Every structure is written in structure tokens, then in C-alpha cells.
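Reviewing the structure listed below.
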Amino acid sequence: MTAERGGFAALDSCVHCGFCLQACPTFLATGDEADGPRGRIELMRGLERGTLTAHDPTVTTHLDRCLGCRGCEPVCPSGVGYGQGLEAARERLAAARGVSPLTRAALAVLTTAGPGRMVYALARALRATGLPALLAGWSRPRFALGMLAATKPQGGKGRQGAATGGGAPGRPLPPTAALLFRGCVMDGLFSHVHDATVRTLAVNGYAAAEVPGQVCCGALHAHAGLTEEAHALARANIAAFGDGDAPIVVNSAGCGAQLKAYGSRAFAARVRDVTELLATAGPRPGAALKGRVAYDPPCHLLHAQRIADPPFRVLAAIPDLEVVTLADAAQCCGGAGMYTLVEPRLSRAVLAPKIETLRAAAPDLVATGNPGCVMQIGAGLRAAGLAIPAVHPVELLDASYRRAGFYA
Ligand code: SF4
Ligand code: SF4
């Protein structure tokens, strides 16, 4: 029975208490019960029972408006598996009404190797002109340009160099093998974060190796209801990473959450966010960096993977860096994969309070460990006229290690 019902069964424990409402960014933005978890659970139950159809505009509107941020899960006293239920509902919606041409096009462009290579190369070329940063703003096309501008390495170019690694003073042991998960958006637009990941891991005794044959994690497909395609990508990744026991290191919270949700428990048990791995026995302190950084936890790190402390431990390894935690930091930024493209109005409404909090706090930087969050928050800050770059936490640790002389 449960197997037939799939993820819908995870909704059964909902007792309608409403504790989740204030943790839901879309409910806070619209004030509509149907835009909150409790209302959506009723819609999903109706969809499962057949009392509501996949073509009912109430169902489609309010389920499409869900960010999938899972901010409703940790606050639920009944342990409702909202994310599993949503995935089952979205699979049913996608089977009944198909997937929009915009979503299909974005998936093809962002997550498949051939078209992706070309599009990411063009995007990097456009980014290098500096025009996206100049033209960034709130309209749909200008926000997209701001997102692209936010992917630019903040530390400048030509900063490669090998870490002295496990052989650094005081750490004579041979390095531990780890396998780098590259992803698609991360690899196309954030290769500097991959470089920083490899270098900072090396300083902490890990040798991160490349894994041929790996593919997109499938998170964007699963969120769109394309479960079969997501499963096919999962099978390809499980085959590519093999059945050894080396940790699989991920620096994108969305990818990490998806990889940990693969059906293979042995595979999922090996997946580690880069901050998790760095915090296992450290990380080693670097040189001082002066400034104030606001840490913004990605939903798929904090809510989906329940990783709260390791990013703070990474930032705490940087002397003199002041880490500020903002009141609404745990609220979704509104990026949510392709949500920012397909639901732009509500996405910006969810982002707005975070930008205002950042305006008031005026940090020098925002640190967040997910490409979508870097792009969404970075674009919002730029559109709001705030010169506050958004970076991945390992970029800051990397800069600190460089200053400390850890790199050849
Ligand atoms: S999902 Fe959890 S917190 Fe929300 S109404 Fe149901 S039982 Fe209460
Ligand atoms: S996943 Fe996020 S947007 Fe969706 S109901 Fe839960 S808290 Fe609200």
C-alpha cells in the first residue's frame, strides 16, 4: 500500500496544527492558506484520492508556487515528510499535464552535456564583458543578467596554485582520497569554487580526485516531476562513482541533498557537503581576513540535509573575519532551482525581505553554499544597488589559506 502511494504516505502524519505556517516563505508573502504547507498538504491529499484533478487550477497554482525549500519540515512536530509528498504530487502533475516548454528548455540547456557546454561557454564570455553586472536590475531579463554577474569569481583571476596539502607543516599523514562531484551549473559557471574546494581540502588532508562519467544530480528534474529522468541520472552517477568507500564531496547544497536522497543507501552514506568534510577534523586555521560576512544557509543544506554548524566552523577558521547571522537567514531566498525563472513575481517577493535585512546589516560579503542562492541573492543585492558580493564559504577559506602561504 505504502509503496503504491509513494511519497504521498509521508504526508499522513499531518495533524493540521499550523506550526509550519510561519516558516513558509510563500505563505508569508501571500498570506493565503493554500500557499502554505498545511493548505498544500490538503491539495496533495485531494490529488492522491482523486477528489481533485491535476488540471484543477487551485491545485496547479498553489503547488507550482511551492519553493520546495522544506523550511516547513524541521518545525513540524509530527515529522511530516513534506518534500517526499511534494515530489510525488509533482510527478503526478507532470504525468497529467506535461512539463512547460520553458522548464524543458532550461533543463536541456543547463543539465545536458552537449548543449550545456556551448551555453555555459557563451554565458562565461558574456560575463567576461562586464555587461551583465552593468545591466542588472529587477525586470526579468535584467535579473537574469544579475544572476550571471553573481557567478563571477570575486577574488580575481590567475589565482591558481597547488596546495601544499596533506604535506603541510604538522600534517605528515598521506592524504585521504575523496571524489569531487562537479554538477552542471557548478561546473559551467562556478569552476572557481571547485578549484577552491580542491585546494582547501588538500590543506586539510584530502586529495579530491576527478570522476569521469558523472552527470547532473537530477535535482531539477525531480523538482519538475520528471522522476524517471531523475532516476536515470541517479543510476548513471551511482555507476560512475563506483562502490568504494571514498567520500563524495559536493559544494552545491541542492546537488548534495539530491545525491543523499538516491535510493542507494551505500552511495548516499558517502556523500558529504564540502563544509561537512572540512569540519570533520578542522578545518585548519588560515591567515586573517578582515571584514564582516553574513552567512545565509541554503535551504537544501539546513532543512534538507540538516547541516547547520559546519559552514560556521569553516568561517571560524579565518581569524578576524566577523560572522553575522541575520534574523531571517533560515528563510528561503526564492531561488529554488528554476523557480526564479518560472515564478519570477513570487520569487522576488520571497527575496525582498532578505535583501532589506542585508541592507540594514550592511555586511561586506554574503556567504552561502549553493549556486542558486549565490545567483539569486547576488542578483537581488545588485538590483537593489548594494555592493555586497555573494560567495561560497570555501572561497573565503581559500583566500585565507592563500594569504597564509599554504599554496605553492
Ligand atoms: S505539516 Fe506539520 S506543522 Fe504543518 S500543519 Fe501539518 S503537522 Fe502541523
Ligand atoms: S517547501 Fe517551502 S514554500 Fe513549500 S510549503 Fe514548505 S516552507 Fe512553504
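Keep in mind it's a predicted model, so treat the numbers as computed, not measured. First listed ligand is number 1; within each ligand, the first listed atom is number 1. Sequential numbering from 1 along the given sequence is applied to the chain's residues.
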Among all protein heavy atoms, pick out the one at the shortest distance from [atom]; state its residue, atom name and that distance to 0.1 Å.
atom: atom 2 (Fe) of ligand 2; answer: Cys69 SG, 2.3 Å
atom: atom 8 (Fe) of ligand 2; answer: Cys24 SG, 2.4 Å
atom: atom 5 (S) of ligand 1; answer: Gly18 N, 3.2 Å
atom: atom 3 (S) of ligand 2; answer: Leu67 N, 3.4 Å

May I ask you to decide if [Y]'s main-chain N or O and [X]'s side chain share a donor-acceptor pair within less than 3.5 Å?
X: Asp296; Y: Thr368; result: no
X: Arg40; Y: Asp35; result: yes
X: Ser100; Y: Thr103; result: yes

Considering only heavy atoms of [X], which atoms of ligand 2 have at least one such atom less than 4.0 Å away?
X: Pro25; value: 7 (S)
X: Arg70; value: 1 (S), 2 (Fe)
X: Arg40; value: 3 (S), 4 (Fe), 5 (S), 8 (Fe)

Enumerated ligand 1 atoms positioned under 4.0 Å from heavy atoms of His16: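 Atoms satisfying the 4.0 Å criterion: 5 (S), 6 (Fe).
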Under 3.5 Å donor-acceptor pairs involving side-chain atoms of residues 119-126, not counting sequence neighbours:
from	atom 1	to	atom 2	distance (Å)
Tyr120	OH	Leu110	O	2.7
Arg124	NH1	Gly188	O	2.7

Intermediate values then yes/no, side-chain contact (heavy atoms from CB on, under 4.5 Å), Tyr82 and Met44: CA-CA 10 Å; Tyr82 181 90; Met44 291 190 266; 3.5 Å; yes
Glu73 and ligand 2 - part of the residue with a heavy-atom distance under 4.0 Å: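 Neither; no heavy atom under 4.0 Å.
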Short N-O contact, Arg45 and Glu42, less than 4.0 angstrom: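 So Arg45 pairs with Glu42 through a salt bridge.
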Set of side chain to side chain donor-acceptor pair (under 3.5 Å) partners for Asp328, sequence neighbours left out: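 Asp328 satisfies side chain to side chain donor-acceptor pair (under 3.5 Å) with Thr357 only.
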Tyr262 and Phe267 aromatic ring geometry - parallel, tilted or perpendicular at 30°/60° bounds: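 Ring orientation of Phe267 relative to Tyr262: parallel.
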Residues forming a ring-ring contact (aromatic ring centres under 6.0 Å, His included) with Tyr339, sequence neighbours excluded: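 ring-ring contact (aromatic ring centres under 6.0 Å, His included) check on Tyr339 returns nothing, list empty.
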Polar protein atoms (N, O or S) that approach atom 2 (Fe) of ligand 1 to under 2.8 Å: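 Under 2.8 Å from atom 2 (Fe) of ligand 1 - ignoring waters, which are not counted - the protein N, O or S atoms are Cys76 SG.
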Metal check, atom 4 (Fe) of ligand 2 vs Cys66 N/O/S, cut-off below 2.8 Å: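 Yes.
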Shortest non-hydrogen contact from Gln376 toward Ser347: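 Residues Gln376 and Ser347, closest heavy atoms: NE2-OG, 3.0 Å.
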Side-chain donor-acceptor contact under 3.5 Å, Arg127 with Thr151: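 Indeed, the side chains of Arg127 and Thr151 share at least one donor-acceptor pair under 3.5 Å.
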